[in-house]
Amino acid sequence: MQHLSDIKIAVDNPSLETGNLPGILSEIEQALEELLNSKQVHRIDLRAMPWSAGEEHKLEQMLGRGEVTIELNALGKSIFQETRYSGVWLISHYNEAEELIGKIIEISYLPDMVFAQQEDISRGLERLKTQRSQDS
Amino acid sequence: MSKQSLLDMLQQQGITRRGFLKYCSALTSLMALPPSMMPAVAAALETARRPSVIWLSFQECTGCTESLTRSHSPTIEGLIFNHISLDYHHTLQAASGTAAEQAREQAMHDNKGKYLVIVDGSIPLDNPGFSTIAGISNVDMLRETVANAHAVIAVGTCAAYGGLPHASPNPTGAVSVGELVKDKPLINIPGCPPVPTVISGVLAHYLTFGSIPELDELGRPKVFYGQSIHDRCYRRSFYDKGKFAMSFDDEGARKGWCLYRLGCKGPMTYNACATLKWNQQTSWPVESGHGCLGCSEPDFWDAGSFYRALSIPDGDYAKAAGYAVAAGVAVGAVAGVMNRSTKASAVSQHSPVSVDDFSVNKNNNQEG
Amino acid sequence: MDISNANEFLIWTRGSGFNIAVSIFIIGVLIRILEIVLLGRKQDLAEPRGTEWGPGFKNILSRSLVDKGTFRRSPFVVVVGYIWHIGFFVCLLLFVPHIELLHATLGIKWPGLPNPLVDSAAAVTMFAMLALLIHRLMHPVMKFLSTYEDYLVWLLTFLPLLTGYIAYHRMINPYPAALGLHLLSVELLLVVFPFTKLMHAFTLFLARWYTGAMMGRKGIES
């Protein structure tokens with residue numbers, strides 16, 4: 001057993017609620033309207049609020065899974081999961097030890113981080129040029 | 001202080017821009033900043049330099065270092081080796097004895113006015129010999145090391161408020177860092193131990209922005225200590241409804257009701273446990289069914305039993321009440337006897353009144 | 001207040017402060033009651049026409065009910081007076097943290113009310129007390145009859161409600177300061193209690209019982 005996360009914890013009392021769930025859902029609703037009207041991107045840090053055991057899971061179930069799942073491999077894995085509501089992304093960042101280091105809900109057309117980055121493109125281009133000059 | 005910026009180092013390690021952004025995203029969350037601050041964090045980190053850090057351990061149990069080394073996100077390795085230059089920590093460093101002390105002096109010399117001092121443990125003042133390192137008393141080492149520091153972070157309740165060594169009767173005359181360091185920026189990160197992610201979050205803030213976060217009146221970062229355990233507790237609704245666990249294994253305890261009656265100090269304790277939780281966000285004391293001890297508050301060890309409700313007085317009131325009853329009965333009896341004698345003498349001085357005694361008044365009335 | 005001392009302040013009010021206040025309260029109340037009881041009455045040699053105990057207790061009850069004449073003369077004082085007394089006892093005796101305190105100190109306990117109910121009782125009680133204070137100040141006769149002791153007693157009764165309300169709603173930070181102020185206000189009330197007209201909380205039973213008992217002995221309905 002390597003990580004704490006490997007220990008399965010059975011929550012026998014998921015009825016306990018902090019009252020944060022309805023608040024998050026209404027925040028998402030508002031953010032979606034803003035995205036449609038003014039292309040405003042909104043992010044919610046799920047670690048910034050208290051959750052009772054099992055409550056976060058309930059939120060994930062309510063959001064469900066949408067059409068797109070993106071896996072990123074940079075300093076460990078990251079999963080960008082589109083939810084049942086298009087434009088609402090559930091983002092989970094893991095470190096190299098596969099420990100969760102961040103969980104964010106992003107309301108956007110596509111999370112910024114997924115786009116190829118200017119610096120990475122130019123460095124890749126340089127690598128390609130060097131490679132070609134060595135080959136020729 | 002390293003000349004290289006953090007971004008340079010990350011790039012040398014072959015970390016992409018995406019990786020950097022992901023790192024910034026995790027750091028923003030770690031610092032308890034809103035996600036919208038992520039671009040600012042990224043911009044600051046692009047130019048951030050690795051600060052030299054000197055860690056001093058005084059009257060402590062190493063629990064705070066244990067806590068920090070269990071801080072998982074981003075990993076302690078990442079934090080220590082990528083982000084800070086930990087030049088002296090006598091528990092973690094390989095060197096010992098003279099070599100270790102030389103490392104400290106070297107770091108102080110090379111980074112004069114720029115290095116960060118982290119302290120865990122309280123400082124004994126009654127007799128400096130109570131706690132020494134390499135023959136140097138704690139108070140001397142603190143004064144000497146802090147003299148040219150940029151800022152000081154007191155990690156743990158002992159360093160922040162005196163903690164356990166300071167508990168009554170305080171046999172070593174232990175004091176907090178704040179009582180000795182008055183002329184440097186000081187951040188208190190209390191807790192016994194502090195939440196690991198709070199330690200690394202405050203460190204991350206310092207090295208990202210090169211400044212100290214906004215503090216409350218007790219010198220604690222407001223982002224982590226701004227709200228009480230009670231305010232953020234997921235069991236709060238049971239407190240309001242009046243549903244309480246009465247013992248640790250009754251039905252209420254199993255249903256997760258409020259632990260106030262079992263002595264939870266959540267209402268008076270300001271900390272981030274309810275949100276950040278412990279052990280990679282697995283759980284925290286209240287979620288595990290035990291009340292908050294109030295370990296991040298000054299004098300928590302002297303604040304009475306952990307298992308007495310906050311509203312219950314803490315002194316030996318039964319004894320006080322016993323003496324009071326005895327004294328009250330005694331004084332009351334004496335007062336009663338004195339009143340009786342007053343009454344008796346008043347009775348004995350009574351003289352009968354006859355009709356003649358009123359005649360003057362009668363005449364007066366007739367005349368008037 | 002120096003916030004770094006808030007915890008020390010709370011520790012003092014929960015410890016020494018409480019002990020001192022309770023001791024003075026107990027000594028004071030015992031002196032006042034023993035003074036009255038030990039004074040005694042001259043032996044009544046007349047043949048009793050009835051019993052004393054029953055009518056005595058009946059009188060304690062009947063005189064706690066609204067007197068029609070008084071009600072007709074000053075309905076406001078009667079109604080608001082009842083409201084604040086009942087509200088005060090709801091706050092004192094049915095708030096769970098208070099029940100914990102009484103259970104720990106006296107060893108007796110009973111079920112409490114949900115906090116929002118006690119909270120509204122506290123608000124109503126404070127409004128009622130404020131209304132009575134204003135009435136006292138506006139009414140020429142009452143104002144004339146009032147001494148500084150009346151205002152002191154009003155204030156010392158009002159402060160525990162106010163500080164308790166502040167502590168419950170966490171309106172003063174840090175919380176240890178708010179809770180400490182609440183405890184201190186209660187301790188002030190306890191200290192002053194035996195030496196002011198607050199003693200009526202005990203003496204009303206003696207007085208009403210005695211009146212009832214005497215009437216009973218003389219064969220008059222109490």
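All chains are named by letter (A, B, ...) in the order of the sequence lines, taking the proteins before the strands, and each is independently numbered beginning at 1. Here the structure is a predicted model, which means the values were calculated and not measured.
Around atom OH of B/Y323, no more than 12 heavy atoms belonging to other residues, nucleotides or ligands sit under 6.0 Å away. Counting non-hydrogen atoms of neighbouring residues, nucleotides and ligands closer than 6.0 angstrom, the OH atom of C/Y82 exceeds 12 such neighbours. Heavy-atom contacts from other residues, nucleotides or ligands closer than 6.0 Å to NZ of B/K343 number more than 12. Counting heavy-atom neighbours within 6.0 Å of C/F195 CZ, excluding the residue itself, gives a total above 12.
Contacts with chain B were tallied for C/L102, C/L10, C/L101; C/L101 has the most, counting heavy-atom pairs under 4.5 Å. The candidate with the highest count of non-hydrogen atom pairs below 4.5 Å against chain C, out of B/S228, B/A335, B/P267, B/G219, is B/P267. Contacts with chain C were tallied for B/A320, B/G336, B/P313, B/S311; B/P313 has the most, counting heavy-atom pairs under 4.5 Å. Contact count against chain C (heavy-atom pairs under 4.5 Å) is highest for B/A303 among B/A303, B/A318, B/G304. For the set B/G315, B/G242, B/A330, the entry with the most heavy-atom pairs within less than 4.5 Å of chain C is B/G315. By number of non-hydrogen pairs under 4.5 angstrom with chain B, the leading residue of C/L183, C/I36, C/T105 is C/T105. Heavy-atom pairs under 4.5 Å with chain B peak, among C/E35, C/H182, C/H98, at C/E35. Looking only at heavy-atom pairs under 4.5 Å with chain C, the residue among B/G322, B/G328, B/A326, B/A309 that has the most is B/G328.
In this structure, the portions of C/L39 lying under 4.5 Å from any heavy atom of chain B include both its backbone and its side chain. Of the two parts of B/A321, the backbone and the side chain both hold a non-hydrogen atom closer than 4.5 Å to a non-hydrogen atom of chain C. Only the backbone of B/K241 comes within contact range of chain C, judged by heavy atoms closer than 4.5 Å. Only the side chain of B/D231 comes within contact range of chain C, with heavy atoms under 4.5 Å apart.
For B/I187, the side-chain contact (heavy atoms from CB on, under 4.5 Å) partners two or more places apart in sequence, or in a different chain, are B/I153, B/I189, B/V202, B/I212, B/P213, B/L215, B/P221.
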Could you walk me through whether C/W84 and C/F89 pass the side chain to side chain contact (heavy atoms under 4.5 Å, CB included) test, one step at a time?
CA-CA 8 Å; C/W84 92 255; C/F89 281 108; over 6 Å; no
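Of residues 155-177 of chain B, not one residue has a non-hydrogen atom less than 4.5 Å from any non-hydrogen atom of chain C. Applying a 4.5 Å heavy-atom cutoff, the residues of residues 157-172 of chain C that approach chain B are C/Y168, C/R170.
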Could you tabulate the donor-acceptor pairs under 3.5 Å formed by side-chain atoms of residues 15-33 of chain C, not counting sequence neighbours?
| residue | atom | partner | partner atom | Å |
| --- | --- | --- | --- | --- |
| C/S23 | OG | C/N19 | O | 2.7 |
| C/R32 | NH1 | C/P194 | O | 2.6 |

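Between B/Y270 and B/Y225, the ring center distance fails the sub-6.0 Å criterion. Proximity of the aromatic rings of B/Y260 and B/H230 is defined here by a centroid distance below 6.0 angstrom, and this criterion is not met.
With salt bridges taken as basic N to acidic carboxylate O contacts below 4.0 Å, one links B/E297 and B/R220. Under 4.0 Å is where a charged nitrogen must lie from a carboxylate oxygen, and between B/D250 and B/R254 no such pair does.
Note: C/F193 and C/F202 have perpendicular aromatic rings, judged against thresholds of 30 and 60 degrees for the angle between ring planes.
The side-chain contact (heavy atoms from CB on, under 4.5 Å) test with B/F224 singles out one residue from B/N271, B/T275, B/L276, B/V195, and that residue is B/L276.
Closest approach of B/E287 to B/R235, counting heavy atoms only: O-NH2, 3.9 Å.
Side chains of B/S237 and B/D240: no donor on one and acceptor on the other come within 3.5 Å.
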